Amino acid sequence: VCLDFSVRNFENIESMLFTLSYDASLVVPTCNFTNVYPGLKESITRACQDSAIGEIRILYENIIDLPDLPDGAVIFS
């Protein structure tokens with residue numbers, strides 16, 4: 001299964017941090033994002049050390065001058 005993460009109102013975003021939670025007995029993540037929006041690859045960090053307990057942490061920091069993104073833009077898959 002591959003999930004697309006899209007945005008809405010992605011304007012003047014300085015940073016974001018969130019956790020993806022899942023049932024670790026059913027899901028084994030690869031922690032490799034594909035289809036990363038151009039310019040975001042250097043700005044997104046993922047922490048998969050807690051994947052055995054069912055958590056992946058995602059951190060985005062606007063380290064480059066990224067333009068506002070249109071509603072529905074996929075930032076990563």
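Quick caveat, the model's predicted, so the values are computed rather than measured.
- Neither Leu17 nor Val7 shares a network with the other; the hydrophobic side chains, linked directly or stepwise wherever heavy atoms of I, L, V, M, F, W or Y lie under 4.5 Å apart, form separate groups for each.
- By the rule that hydrophobic residues join a cluster once side-chain heavy atoms approach within less than 4.5 Å of another member, Leu26 and Val28 end up as members of separate clusters.
- Placement of Phe10 and Leu59 in two distinct hydrophobic clusters is found when ILVMFWY residues are connected by side-chain heavy-atom separations under 4.5 Å, directly or transitively.
- By the criterion of side-chain heavy atoms lying less than 4.5 angstrom apart, applied directly or through intervening Ile, Leu, Val, Met, Phe, Trp or Tyr residues, Leu3 is grouped together with Val27 in one hydrophobic cluster.
- Between Ser21 and Glu55 the shortest heavy-atom distance is OG-CG, 4.1 Å.
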Give the table of side-chain donor-acceptor pairs shorter than 3.5 Å for residues 67-77, with sequence neighbours excluded, one pair per line with atom names and distance.
| from | atom 1 | to | atom 2 | distance (Å) |
| --- | --- | --- | --- | --- |
| Asp68 | OD1 | Asn12 | N | 3.1 |
| Asp71 | OD1 | Asn9 | N | 2.9 |
| Ser77 | OG | Asp4 | OD1 | 2.5 |
| Ser77 | OG | Asn35 | ND2 | 3.4 |

